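Here the structure comes first, spelled out in structure tokens, and everything after it is commentary.
Heads up: numbering here begins at 1 and tracks the sequence. All of these numbers come straight from a predicted model, not from anything done at the bench. Counting starts at 1 for both ligands and their atoms, following the listed order.
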Amino acid sequence: LSERLQSALQKLRGKGKVNEADVKAAMREVRLALLEADVNFKVVKEFVSKVSERAVGQEVLKSLTPGQQVIKVVNEELTQLMGGSQAKLSLTSKPSVIMMVGLQGAGKTTTAGKLAHYLRKQNKQPLLVAGDVYRPAAIRQLEVLGEQIDIPVFSMGDQENPVTIAEKGIAHGKEEGHDVVIVDTAGRLHIDETMMDELKAIRQEVSPDEVLLVVDAMTGQDAVNVAENFNREMALTGVVLTKLDGDTRGGAALSVRAVTDCPVKFAGMGEKVDALEPFHPERMASRILGMGDVLTLIEKAQANVDQEKAKDLERKMRTQQFTFDDFLDQMDQVRNMGPLDEILGMMPGAGQMKGLKNLQVDEKQLTKVEAIIRSMTPEEKQHPDIINASRRRRLAAGSGTTVQDVNRLIKQFMDMKKMMKQFSSMTKGKKKKGMGR
Ligand code: GDP
Ligand code: MG
């Protein structure tokens with residue numbers, strides 16, 4: 001889905017002007033991309049009409065190109081589609097009870113363990129209750145999981161009634177001072193009445209704070225149908241989408257909220273116990289659009305870069321008056337935006353860039369650079385040409401670095417100046433031809 005959406009929107013990105021026909025053409029492709037990703041067709045229809053309406057009527061922001069503005073609208077509507085903001089667990093009773101429901105193989109037992117692990121990190125004391133008495137070895141599976149993450153598991157074997165097990169489990173949890181009790185239940189391969197009746201009986205008896213439906217995201221619209229059915233019968237409080245790590249299409253993630261009106265609260269991202277994430281619609285939307293958090297980045301940049309200073313800098317670049325003082329200033333501005341590797345992570349396309357993951361931006365290196373520049377005299381900062389060998393030795397000693405570090409920095413600075421010279425003559429050329437902004 002990401003690729004198709006990206007290519008659909010690529011044509012708009014960076015366009016100086018966007019007219020209605022451009023938007024229409026892009027929306028046609030967006031529509032196809034969504035349908036191909038197995039997003040519910042009603043959801044697609046409504047989504048496309050909303051985006052088109054907003055995009056065509058959109059007043060163009062000065063700071064962004066109109067193409068980006070359309071992408072921003074798509075991003076916002078995708079976020080909205082998935083519920084807008086993060087839906088958190090609501091745990092109020094003591095102990096709070098979370099009931100896991102869903103079809104067989106969806107990931108209930110695994111998610112129960114992950115959730116216990118997640119909650120303990122939030123300083124809770126969870127208890128797991130083994131309520132699946134049908135699937136062979138289901139109890140054992142939960143017990144093994146509990147051992148692995150060091151969380152107690154309450155079980156009564158497979159001869160008891162699940163309602164009784166849930167009740168006793170909660171009572172046990174209360175006695176032992178647990179503040180959250182997570183009840184695992186049995187699923188079937190398909191929705192059937194016996195299963196629903198049993199789950200309803202448990203729900204009735206223990207009135208859980210949360211009834212979480214676990215669905216397999218890889219099953220696409222089937223997952224959405226399952227959610228619709230369960231929600232009708234059980235009044236769910238939330239959905240957990242598992243196996244998102246293997247879901248390349250995203251159809252379930254995009255439609256389940258819109259179709260059922262039930263919020264997605266967590267996403268399963270793998271088989272390991274820590275592979276559970278709170279579901280963030282805005283992050284998911286950005287991920288789907290494959291643009292990192294590019295809009296956050298733009299906003300951050302706008303908020304942090306002092307416009308006056310930026311203009312000043314541009315003038316200096318053009319007139320070749322760029323000094324080490326400006327260099328330092330610029331470094332500060334970049335730093336104000338946040339840690340460099342975080343910024344890089346937000347760059348569009350950075351996701352596809354191979355090797356970027358291993359690229360660690362060396363903050364230490366930056367600190368060195370800063371120390372060296374701060375050791376310079378005002379004259380040295382203004383006229384780097386005068387920094388001879390003895391001055392370099394002094395700078396190294398004064399900044400706690402080596403002469404090699406100083407040499408490298410000065411060379412970088414000179415190279416940068418040279419580059420700016422070429423760059424500014426290039427942009428001048430463009431401006432003449434009317435290609436500049
Ligand atoms: P249950 O029948 O609903 O209790 O499902 P299980 O918890 O036994 O999980 C079924 C299978 O799905 C197991 O092999 C799990 O390891 C796997 N599984 C569960 N959640 C995830 C997930 O988020 N990602 C991946 N890749 N596998 C998962
Ligand atoms: Mg299970």
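For ligand 1, the atoms closer than 4.0 angstrom to any heavy atom of Met269 are 23 (O). Near Lys108, the atoms of ligand 1 lying under 4.0 angstrom from a non-hydrogen atom of the residue are 1 (P), 2 (O), 3 (O), 4 (O), 5 (O), 7 (O). Heavy-atom contacts of Gln104 reach the following atoms of ligand 1: 2 (O) (cutoff under 4.0 Å). Near Gly268, meaning under 4.0 Å from any of its heavy atoms, are these atoms of ligand 1: 23 (O).
For Gly102, the heavy-atom gap to ligand 1 stays at 4.0 angstrom or more. The closest approach between Gly105 and ligand 1 falls below 4.0 Å for a heavy atom of the residue. Ligand 1 has no atom lying under 4.0 Å from any heavy atom of Ala275. Proximity of Asp245 to ligand 1 is established by a heavy-atom distance of less than 4.0 Å. Under the 4.0 angstrom criterion for non-hydrogen atoms, Leu103 is in contact with ligand 1.
Between the side chains of Thr402 and Asp405, a donor-acceptor pair is found at a separation under 3.5 Å. With 3.5 Å as the limit, one finds no donor-acceptor pair spanning the side chains of Thr79 and Glu282.
Nearest protein heavy-atom contact of atom 14 (O) of ligand 1 is Glu271 OE1, 3.8 Å. Among all protein heavy atoms, the one lying closest to atom 2 (O) of ligand 1 is Arg135 NH1, 2.5 Å.
The main-chain N or O of Gln125 is found under 3.5 Å from a side-chain atom of Asp179 such that the two form a donor-acceptor pair. For the pair Arg203 (side chain) and Met234 (backbone), a donor-acceptor distance under 3.5 Å is present. At distances below 3.5 Å, not a single donor-acceptor pair connects side-chain atoms of Arg54 with backbone N or O atoms of Glu77. For the pair His280 (side chain) and Gln86 (backbone), a donor-acceptor distance under 3.5 Å is absent.
In this structure, the salt bridge (Lys or Arg N to Asp or Glu O under 4.0 Å) partners of Asp216, at least two apart in sequence or on a different chain, are Lys243.
Distances between N or O atoms of Thr111 and those of ligand 1 include no value under 3.5 Å. For ligand 1, none of its N or O atoms has an N or O atom of Thr242 under 3.5 Å away.
Classification of Glu46 and Lys42 as a salt-bridged pair fails, no side-chain N sitting under 4.0 Å from a carboxylate O. In this structure, Lys50 does not pair ionically with Glu53, as no charged nitrogen and carboxylate oxygen lie closer than 4.0 Å. Contact check on Glu277 versus Arg283 returns no salt bridge, with no Lys/Arg side-chain nitrogen under 4.0 Å from an Asp/Glu carboxylate oxygen.
Residue contact annotation: Thr109 places an N/O/S atom under 2.8 Å from the Mg ion (ligand 2).
The local environment of NZ in Lys200 is crowded, with over 12 non-hydrogen atoms from other residues, nucleotides or ligands closer than 6.0 Å.
The nearest non-hydrogen atom to atom 28 (C) of ligand 1, considering only Lys272, Glu277, Lys243, comes from Lys243.
Under 4.0 Å from ligand 1, heavy atoms of Thr110 appear from its side chain as well as its backbone. Residue-level proximity to ligand 1 for Gln141 is carried by the side chain, the only part with a heavy atom below 4.0 angstrom. At a heavy-atom cutoff of 4.0 Å, ligand 1 is contacted by no atom of Met100, backbone or side chain.
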